[in-house]
Structures are given as C-alpha cells and as structure tokens.
Amino acid sequence: MSMSHLYGRRTEEDDGVEMESFEVTDWDLANEFNPERRRHRQTKDQATYGIWADKDSDEDERPSFGGKKSKDYTAPVSFISAGLRKSAAEEKQQKPTEDSEDSDDGGSAAPPAPPSRGAAPKKLQTGGNFHGNQPQRFAGGVRTGQDIGNWEKHTKGIGQKLLQKMGYQPGKGLGKNAQGIITPIEAKVRKGKGAVGAYGNERTQQSLKDFPKVDSEEEEEKEFQKELGQWRRDPAGKKKPKYSYRTVDELKAKGKLAGRSAQTPAGELAQVKVIDMTGREQKVYYSYSQMTSKHSVPDEAPPSRDQKPSGFTLPELEHNLQLLIDLTEQDILQSARRLQHEKDIVVTLSHESTALQSRLEVEQDTIQRMEAVLELVERFQSGETAPGEGPSLQECAGIFETLQRDYYEEYKVMGLADLAVAVVYPLLKDKLRTWDPLKDSTYGLEEVGQWRALLESRQLHSSTPDANMDPYHRLLWEVWLPVVRSSVSGWQPRAVGPMVDCIEVWGPLLPGWIVDHLLEQLILPRLQREVDNWNPLTDTVPIHSWIHPWLPLLQSRLEPLYPPIRSKLANALQRWHPSDTSARLILQPWKDVFSPGAWEAFMVKNILPKLALCLGDLVINPHQQQMEPFHWVMDWESMLSLSSLMSLLDKNFFPKWLQVLCSWLSNSPNYEEITKWYLGWKNSFSDALLAQLPIKDKFNEALDIMNRAVASGVGGYMQPGARENIAYLTQTERRKDFQYEALQERREAESVAQRGVSTGLPTNFKDLIQAKAEENNIVFMPLVAKRFEGKQLYTFGRIVIYIDRGVVFVQGEKTWVPTSLQSLIDMAK
C-alpha cells in the first residue's frame, strides 16, 4: 500500500513534470471517521526509505486488507454473508453512470458518488472508495489510446527501437500481419474491496473488441447473478406461468423409453422387501411398485421460515390433478400398447395364414402325388389276383421306372423298392425256373440287367448276405443264385467251357461278394475233388486244359491245387525217359503257372537227373556220331534255366568232348575234318547258350588245344596249311564273339534309350563303372581289338582293366589283380 493518501498523489502536467497532489480525497473522508478501519502498517522498505520506497502498482489501485489474523480452528463452522444487493431502481440509476464511465476513453471521468453503506455488502462497508475519482490509466500512467511510449523520452528508447526492428508500425496491431491488439492492455478499477468478479464483469471495451469470444467468466457471472437473485426479498417482477404440452406421440415415446429402462420381470420383484430411510421416518415397502409412488405424494412438512408462501398453494389439489394427469397418461399408454399388440397379432396371424396356406398347397400336392403312387402300386399283382392276370415282368419294370422318374421322393421315403420282394421275385423265379446256365448262359440276362438299374443301391456295399442288402442283391441271392447252385452241383469240372462262359457273361451284373461266394464255395471245391481223382498216367485229357481256363477268375485261389498236381507229376516221371516227349508237352504249360522257385525245384529234382543219365550214355564218335541223345537233352532248353543247363553240360558233356578232341589230335588228324567237327558241335548250341561265358570258355579251350597241337607238331605229319587254317578259325571265332558282344551292348543301349531310363539306375556292372567314371571325370572306353582270354579290355583313365562276372581286374606287373571300384577310382585319380 502506498503513502499517497498521506503525502498526496502524483500528477503529470502538460510539460511532463510530475507533481505531488495533497488534496483530500473521498477515501480520506470515508475512512477518517471510521473507527473500524484497519491501520496501515509500513513495510520494511517504506520505513527505511519513506516516500522513495519502491511502489507496487496494485497498492496504488486499492489499499491492502491488512495483515494476517490468526484463525480459531475450534470455532463452529459459519457462513459468510455475501452482502446486500441494491434495489432494481438503484441499479437502473447506476447503470447509465457506469456506461458513461466506460465509454469515456481519453478525457477524465467525473468522480462517482461514494457507495452508500446500506447498498454495499456488509463486508464491503468497512472500506472506502478506492480512488474512484481518478481517470482510467495503465499501470505506467499512460492514458488510453494516447501517449504510447512517451516515457521513453526519459530513456534511450530501446523498447520502441526493438519493436520497429521487428516490423511494428505505430497505430497498427501487433504480429506479422498486424492482426494483434492496437492499444496496450487496459486495467479496470473495481468499485470496492470485493474479490475478482464480485462487481460483475471486469472486461474492458477494448478487450471485448479484441477478444469477442465469450469465455467461462461470463457464464460464471451469470450463475453468480442467478444465485444472488435468490436472496432478494422482492422479485423484480411476476413471472408468467409456463405450461408444457406433450403430444400423444411424445407420450408414447416416453412410455417406450420408460418401458425399456424397467424391463425387470414383475415376478422377480413382486416379493422384494424394500426399506426406505431417505425420509424423516423409516418406511417399509414390499415391492418396487409401491416405492415408485412415493415421490408423487405432496410433502407434508410445513414450509420453512425463509420460504415465502405463494399466493395460491393447494397441495392436495395439485396432487389430485397430477394423479389425474398420470392416470390419463397411463390410459393413453395402455391403449397405445394394446393397439400395437393387436397390430402385432394381425401381422403374426397374417404370416401364419400365409405359411398355413403354402403348407396346405404342399399337402394337397403331396396327397395328389400319393394318390398317383397308390394307383400305380395297385396295378401290381396282389394275393387275391389269379396267376397270370397281373402285370408281366416287363410291365413291372415300367411301373418301377415311372415311380423313380416321376415320384422319386415318395419312392425313397416310403421304401417302394421293397415291393420288388413281393412283386418281382415270383415273376423272375417263374422265368428262371426252366433255365440251364450250362446250355444257355445268356438267358434272362437282359431282364436282370434292367432290374439292376432300377433296384441296386450305390450306397450299400455289403460283403455278406444280411438283412441290409438292397432289393437287387436280394433278388440275385434268393432267385438267381439257387438256380446256378443247382447247376454247379451236377457240373463236370473237365467240361470247363460252359461254366466259365456263364460266369464271365454274368460277372458284370453280379456284385463282388456273390462272385466270390460262387467261386470259393461252389467252383473251387469241385476242382479240388477232381484234382484228387486225376491220374496223369491214365487220363488222356491234360490237366492244364481244364485248370488253366480258371486262372483269370480264380487267380491265387488255385494255389492249394498246385502241390498235389506237382506231386502226381513227380510220381509219373519216376519211370520216364528223355526220349518220351509227352512229359515235356504236359509240363510246358505249367512253367508260367508255378512260381519260379517251385518250378526250378521241380525240374532239378525230377528232370535234370534223367537228362544227366542221358548225356552220360552219349558216345562221342567223330566218325559215326549219334546225335539223338544230345537232341533229347537240348529240347529241354526252354524248360530249364540257363544256369542248370550250363551246369549239366559242364559236368556231363564237355569233359568227354574235349577228351575225344585231344585223342583225335594226337593221331595224325585231318584238320579240315576237325574244323568241320568243331563247327558242327558249336552249331548244335543255341545263341543264348553260346553267349554264356562258361560255354564260350569251353569252345575257346578247344581252339587253344588245336592251336597248341598245330604249333607243337604233335602226331608227326602236318598237313600243308593246317596251321594257317586253325589260326584263321581261331581269329574268326574270336571276331564273332566280339561282334556278338558289341551287338548285345548296342541292343541293350537302344532298349534303355527307348525306355527313357538312360539317366536312371545302371542295369549292369559295366554301366555302374561308366556312371562312376562320369561322376569323377575319368575317361572310360574300350580298347579296339584288345582282348584278354576273350574279355574286352578297357581304359579307365590310364589304367587297363577288364570285367569278369561283376569283378574288375587291373593289369599288374605280372598278372591281373582284382580290385574294388573305389580303389580303382583312387588309382585313376
């Protein structure tokens, strides 16, 4: 607080010299005779410097409220009165004065009259007028709209220079586009010592112009004025009563919202006990519906002292009127709900009527279809119909076809396929009664095929005769199969043709389980009994002629018949001689029937010993040779495996043959005859045998024997040109062998190329070596016209090798050494 009320106020003359004003102000008069006014306490700076102490702008505007006062926290809580408002007449008189003060911008305003103690609030009556006679100034003493920056004449003017450097122009607003305020912020003096907002809105005209947006302070001012008006004794004027009207639609909408908010079932809340303690007395309700009518009853409490009774107050009448209004609203809502309910019932009944009408149409259509189906079914032969008067088998098929085509749903739902059991079975049984499957296998085939398309179910796949069979399978099981069973019982298995033809013809119409039953239960037992009665020595009909036709049908089911057949054939071959060709004719059809192991064992046990004895009795005589025993043996070449035949020749033929050759060469032979004899025996062997290495080695051995005999001159006399002839023969035979091997290799390569497996797995050991050589970038190729003991020589990198029976031989210093394929690759690298 400044000392201006004691020392005077500073004023500024036209020449800019400040002067202290020592005139007596209204504040001095109002507070000089006030015994309750607060004493001013000087601050430390004011006590030290006096009038030269630093002033606060807030202290110049209004005096301080004094020092702090200790609070009594034990005192009861009390409310502070907000003072008394002026009357409406006084406010109307003061309002033009305030407006004139606000509109005066530059000139000095006339000092307002000091507020009266009766009009001011009690809290504000202790203070005086805070410089109400001063003109409106800024904090720095500059008048509104004038003298902006005049104080800078006493300074260097740094502020004005900074603003001009930033682009400010006097008389325009701040900012880049001059969109800011033009005049400095104004200060508005309050009327008394009240708080901020106690005397209304404090915004100046300039702030309203610059910031026209209504802020929250105005709203707070309105709320404050509204609350302050409640303390007035006399209202400003009588208000007209306001009536609220609601239409029926609004009432319905309100009733719907109320109904949605309270959708609790009445049964759950009917027995709820509610204790209401919100009033002066405790009340007990037994349902929430009783509690809802609580607030509609008028309050019986007497009016408070502060409340001023109205001119017309009849609570009972108001309550009754409100009840009438509520009842009317409830009636309207009930009527609206009832009307909506009736409309919903009408809509529901219309939908039900439409659904029932459509259902009735469907039922009528179903009845018509059922009548048509019944009419078709009645055409079938019944128990009362005389035999021969009902429809034929073809007509029954037509009726069933019509039922399936036109009345498929009724056919499936009612199971009309089961009618075939009672209608079709007797007719088909009469048709097949005179049928002999062995004489006419196609009899009734067309009729049964037609009923298959009508009666067979694609969904049922039964494997046994049970109750779940479809009508077609039952038809075959109960009608067709008994006829075939009776025919098979009198059938001779050696007359195989008619029975095989019958089963092949009827096979496409029979399900798999009936075919299996027919073959396993009827045909195979008859064949087993016939095989047991078969004697290969007395029967003129070969067994393969009536067993092999069943191979496509029975296949592996014939395996139990093979052991007794081999046993009986072995017994029949005990006294057999190779000169009898009938054995070969009997055994040849069984070569591809028996398994390879069983066939090889049978031949080794029963045929090879006989052939070995025959070769043992063979006499090799170059001058008079009997070739029949040799031909008897060679006729079995297609029946025996190559390994068995080579072993037989190696043991029983070639030793005697080479011995005869050596004996002949030691007794002054004729080499031309020896050459012809050699070529004659070689031509007696097939190409398949000559391609085998053991046979080839034996003939090469014979050539070597002849070459040694010619070279050593055994036997004394040597025919002219014999040596050249034998050498030519040897070279020719070796060349044939080489050409034959090359031809075989070429054929193998062509067959592999045709199959498209040239890049696949190797087929022999040579191909494996070739594949490994390609993988390791090693050259593998045959040497032209280079052979060792009839074997082709190859180069594997820089190593010379040959292949013999799946073994690689590498050329060493003195002999050929066998080695593994991996070792060969390592040596080549």
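Both backbone and side-chain heavy atoms feed into the values below; hydrogens, waters and symmetry mates do not.
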Side chains of Gln364 and Gln368: do they bring a donor and an acceptor to under 3.5 Å?
no

Closest non-hydrogen atoms of Val660 and Ile620, given as atom of the first, atom of the second and distance, are CG2-O, 3.8 Å

Excluding sequence neighbours, so at least two apart, what forms side chain to side chain contact (heavy atoms under 4.5 Å, CB included) with Pro498?
Leu438

Pair Phe602 and Trp590, ring centroids less than 6.0 Å apart:
no

Greater than 12 external heavy atoms within 6.0 Å of Lys651's NZ
no

For a quick test of reading the model, state the closest non-hydrogen atom pair linking Thr402 to Leu376 and the distance between them.
CG2-CD1, 4.0 Å

Charged N to carboxylate O under 4.0 angstrom, Lys772 versus Asp767?
no

Looking only at side chains, do Ser641 and Ser644 share a donor and an acceptor under 3.5 Å apart?
yes

Hey, would you say the Trp435 and Trp506 ring centroids sit under 6.0 Å apart?
yes

Just jot down the side-chain hydrogen bond (donor to acceptor under 3.5 Å, both in side chains) partners of Ser579, sequence neighbours excluded, or say none.
His577

Aromatic ring pairing Trp657/Phe654, orientation class (parallel under 30°, perpendicular over 60°, tilted between):
perpendicular

Taking only distance into account, with no hydrogens and no angle test, what donor-acceptor pairs under 3.5 Å do side-chain atoms of residues 566-573 form with protein atoms, sequence neighbours excluded?
{"residue": "Lys568", "atom": "NZ", "partner": "Val531", "partner atom": "O", "Å": "2.9"}
{"residue": "Lys568", "atom": "NZ", "partner": "Asp532", "partner atom": "O", "Å": "2.7"}
{"residue": "Lys568", "atom": "NZ", "partner": "Trp534", "partner atom": "O", "Å": "2.7"}
{"residue": "Asn571", "atom": "ND2", "partner": "Ser567", "partner atom": "O", "Å": "3.2"}

I want to know whether Trp477 and Trp513 have ring centres closer than 6.0 Å.
yes

Tyr794-Phe809 aromatic ring centre distance below 6.0 Å
no

Does atom CD of Glu409 have more than 12 heavy-atom neighbours, drawn from other residues, nucleotides or ligands, at distances under 6.0 Å?
no

Taking the inter-plane angle between the rings of Tyr678 and Phe699 on a 0 to 90° scale, is it parallel (under 30°), tilted (30 to 60°) or perpendicular (over 60°)?
perpendicular

